[in-house]
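Bear in mind that the values here come from a model prediction, so they are computed numbers and not experimental data. In what follows, every heavy atom counts, from backbone to side chain, and hydrogens, waters and symmetry copies are set aside. Chain letters run A, B, ... following the sequence lines, proteins first, then strands; residues in each count from 1.
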2 protein chains.
Amino acid sequence: MGAPTVYDVAEKANVSIATVSRVYRNPETVREQTRDRVLAAARELGYVPSGNARGLASRSTGVLGLCFPDYADPELEDDDSEQTLYADEITRGMERAARRHGYALLIAASLEGGPESLVASVAGRVDGFAVLARTVATEDLELMSRRLPVVMIAGPREIDHLDHLEVANRDGEFALTTHLIADHGLRRLAFVAGGEDSPDAQARFAGFQQALRAADLPVPSEPDARGDFTQAGGREAARRLLERGTQPQAMVFANDQMAIGGLETLERRGVRVPADMAVVGFDGIPLGRVVRPSLTTVTQPMRRLGETAVDLLVERLADPDREPRSEMLPVTQTRRASCGCPEPPPR
Amino acid sequence: MGAPTVYDVAEKANVSIATVSRVYRNPETVREQTRDRVLAAARELGYVPSGNARGLASRSTGVLGLCFPDYADPELEDDDSEQTLYADEITRGMERAARRHGYALLIAASLEGGPESLVASVAGRVDGFAVLARTVATEDLELMSRRLPVVMIAGPREIDHLDHLEVANRDGEFALTTHLIADHGLRRLAFVAGGEDSPDAQARFAGFQQALRAADLPVPSEPDARGDFTQAGGREAARRLLERGTQPQAMVFANDQMAIGGLETLERRGVRVPADMAVVGFDGIPLGRVVRPSLTTVTQPMRRLGETAVDLLVERLADPDREPRSEMLPVTQTRRASCGCPEPPPR
DNA sequence: CCACCTAGTGTATGCGCTTACAGACAGCGC
DNA sequence: GCGCTGTCTGTAAGCGCATACACTAGGTGG
């Protein structure tokens, strides 16, 4: 029953446990002949080093953690796919980068069970972790960051000694809006915001405003409509915008899901896109490539977000006293048909 | 620098380390007053139990692992979304179930670095793990399964003492094909297979054959075309099928991505779907709901797959001598427009 | 030929926790 | 009053490994 340990291997290979350990930690310090004997014994016994013991002795776990929001309610399905995708792609990026650095990745969705259990389930098991958005209560973050490196991804920068990572929401929306104005000659643009408190949506709106200002167009102080980041929200917002007195020439949605919902409403109302109405989103989800007309959007570097998060953690692990860093990742513009640009080839 | 330990807390709370430990493991065995004192001290010190030490002492890590294929090549983008989605949804399901059972989830994509590193990075860190598809080399599986519970998800059952989990590929394809024949009166059906060695695709083809046989239609011994599970593969396969002498009335694709590629080809060639050609897929990816015509398919219970995997692991952890189990999860049919059924309402 | 290194290995300690086991102390019935 | 029970807490022995340090054997240069 009991799994084989260094002792078993040492005995079988006629060496001491220290040598067995060295074979795994610093193979170059062990004579080749001895090393082979140990590895043979290990293989024969089915020995695998215990991560626990190793971690305890070397006071490091070799594991990085990621806390992300648990949108994955069984009821929800497609409308949450942006959010899960968001998390999934970041997870993937982190996993790759972590592995490259020799770490494994522990993931933990939040909510349910309270933050207490989240913190407990992650902290003490990892060497450092990343927090996606506002997943973890501030006080817990405070607590944890006293113990180990924490990097905040796309979340509020409430704790200023944490490393921090975000995407250029504002710049991206500025550039995209400017594209509509400058390249397509549009003047009446409506902005559909997301959740009230989403810093992402706020930054995007700011970029939108900035673009109007730069073009000497009237700058609204509030978004023209508000959705909740879902397709349904986008459908509804588009409906309301169509019912206003003077219709806009373009709808700028704070994310792709809403934009796609907006396209549905427009199609049903017989409004031609992009001829009568330009539509753009934000995020760059795969769906945007498939809907008709295909969606012009700002593509976020999700995977790089995850990779960079790991890089920051690894850096800090190497140098705990390094100054906290804040990085902003650039976004790219994806011009497709819904803004009036030509449909890109099918690849 | 050193993080606070039980000793620090014990000293501050004027108790022994055993009591501190008990406060966390078996709170009910500690007098309330003592417990509060300990918790207060812990909070003040910022104490969090070390997972390593805990695991070592109690010989269990409280962590479950998941190994999945690393499709996430930076080059690939949308065409791999089915596969990543597959893995992501299962991951999500596992994460939820694991948390429900009090476990955390460690994930590890394979490839790159060889199986050695995969095994090493996961085993010895977890109490058990799930393997998605043919992610792990058989010999490593053999090795690992001697040490801890392993459940194989949707992979070959090469090792018969492992718990095993799959979806009803054959039944699902049988039912869907039968729907085309019985409800839509189609007689000439073509099957587009996936990768040569995919057991999933094979089972689906078997279901397809079975349906033809049941309807007294000629049963092909080989798929009519073969793709590689990508949209591009589907486009190409559809093209070849159209160039054959007698065209089929329906194309049955082994997965949704290929089916969507097929739709593209058909649209470009002016073949009306479903009037001139029915198209069905398999998987139930979100894209299928959005493409026009919307895709009829067999929906896999991805998330439940993950949840069930965890259930199996937890069961086996509780009773290591239990007989190995093999479960087959049912699939559901999703009838949309591409087979000739009416377009479902937009939700 | 001896002091001195170097490469390779062994010994012993401790990482921070869990958990038998033992002890202390109060309440209880006889 | 005594033993007994039950409740609460402390003592101590590891869990499986990493690693500082000690040690050995074989060079090396003087």
Side-chain angles (χ1 to χ4, degrees), chain A residues 1-39 41-42 45-63 102 120-121 123-127 147-148, chain B residues 1-39 41-42 45-63 102 120-121 123-127 147-148:
Chain A
M1 178 58 230
T5 73
V6 272
Y7 293 96
D8 303 316
V9 177
E11 185 175 0
K12 188 168 195 95
N14 256 313
V15 296
S16 75
I17 61 163
T19 300
V20 176
S21 176
R22 276 189 281 259
V23 165
Y24 287 89
R25 308 302 307 160
N26 309 93
E28 66 280 5
T29 69
V30 178
R31 203 199 327 177
E32 186 173 343
Q33 178 188 331
T34 316
R35 200 192 310 155
D36 291 345
R37 228 173 45 231
V38 169
L39 286 176
L45 291 172
Y47 169 76
V48 173
S50 150
N52 274 332
R54 181 178 289 200
L56 183 54
S58 65
R59 49 209 123 269
S60 87
T61 62
V63 178
S121 74
R125 283 210 173 110
V126 299
D127 293 341
R147 255 186 150 256
L148 35 79
Chain B
M1 181 54 233
T5 74
V6 272
Y7 293 95
D8 303 317
V9 177
E11 185 176 0
K12 189 168 192 96
N14 256 312
V15 296
S16 74
I17 61 163
T19 299
V20 175
S21 176
R22 276 191 280 260
V23 166
Y24 287 89
R25 309 298 312 158
N26 310 92
E28 66 281 5
T29 69
V30 177
R31 205 201 324 178
E32 185 172 346
Q33 179 189 331
T34 316
R35 198 191 313 154
D36 291 347
R37 227 171 49 231
V38 170
L39 287 176
L45 291 172
Y47 168 76
V48 173
S50 150
N52 274 331
R54 178 176 290 195
L56 220 212
S58 64
R59 49 209 121 266
S60 87
T61 62
V63 179
S121 72
R125 282 209 174 109
V126 299
D127 293 340
R147 256 185 149 256
L148 35 77

With a 4.0 Å cutoff (strictly under), does any side-chain N or O of B:S50 reach OP1 or OP2 of C:dG16?
no
Can you confirm whether B:Y47 sits close enough to B:L39 that some side-chain heavy atom of one is under 4.5 Å from a side-chain heavy atom of the other?
no
Nearest-Å distance for atom pair CG/P, residues B:L56 and C:dT18
11 Å
In whole angstroms, the gap separating P of C:dA26 from CD of B:Q33 amounts to 14 Å
Phosphate contact (D:dG10 OP1 or OP2) by B:T19 side-chain N/O below 4.0 Å
yes
Check the phosphate of D:dA18 against A:R54, side-chain N and O only, distance under 4.0 Å to OP1 or OP2. Yes or no?
yes
Is the phosphate of C:dA7 approached by A:R31 (side-chain N or O, under 4.0 Å from OP1 or OP2)?
no
With no hydrogens and no angle check, is any side-chain donor or acceptor of A:R35 less than 3.5 Å from a backbone partner on A:V23?
no
Identify which one of A:V6, A:T34, A:D8 satisfies the side chain to side chain contact (heavy atoms under 4.5 Å, CB included) criterion when paired with A:V20.
A:V6
Less than 3.5 Å between a donor and an acceptor, one on the side chain of B:R22 and one on the base of D:dG10, is that the case here?
yes
Identify, between B:V30 and B:A57, the residue whose nearest nucleotide on DNA chain D lies closer to the 5' end.
B:V30
Would you indicate what A:V20 reaches in the nucleic acid, counting non-hydrogen atoms under 4.0 angstrom: base, sugar-phosphate, or nothing?
nothing
Please check this pair: side chain of A:R125 against backbone of B:G51, looking for a donor-acceptor N/O pair closer than 3.5 Å.
no
Is the shortest heavy-atom distance from the side chain of B:V30 to the side chain of B:V38 under 4.5 Å?
no
Can you check whether B:R59 has a side-chain N or O nearer than 4.0 Å to OP1 or OP2 of D:dG16?
no
Just the rounded figure in Å: distance from P of D:dG16 to CG of A:D8.
9 Å
Can you tell which of C:dG16, D:dT9, D:dT11 lies closest to the side chain of B:T34?
D:dT9
Whole-Å gap separating P (C:dG10) and CD1 (A:I17)
11 Å
How many Å lie between CG on B:N26 and C1' on C:dA20, as a whole number?
13 Å
Distance, rounded to the nearest Å, where A:E11 contributes CD and D:dG16 contributes C1':
16 Å
Would you please confirm or rule out a distance under 4.0 Å between OP1 or OP2 of D:dC8 and any side-chain N or O of B:T29?
no
Could you state the CZ-P distance from B:R125 to D:dG16, rounded to the nearest angstrom?
17 Å
Taking only the side-chain nitrogens and oxygens of A:Y24, find out if one of them lies under 4.0 Å from OP1 or OP2 of D:dG16.
no
Base, sugar-phosphate or nothing for B:T5? Non-hydrogen atoms, less than 4.0 Å.
sugar-phosphate
Position toward the 5' end of DNA chain C (nearest nucleotide), B:R25 or A:N14:
A:N14
Is there a donor-acceptor pair closer than 3.5 Å between any side-chain N or O of A:R54 and the backbone N or O of A:P49?
no
Just how far, in rounded Å, is C1' of C:dC15 from CG of B:N52?
9 Å
Base C:dC17 paired with B:Y7 side chain (donor-acceptor, <3.5 Å)
yes
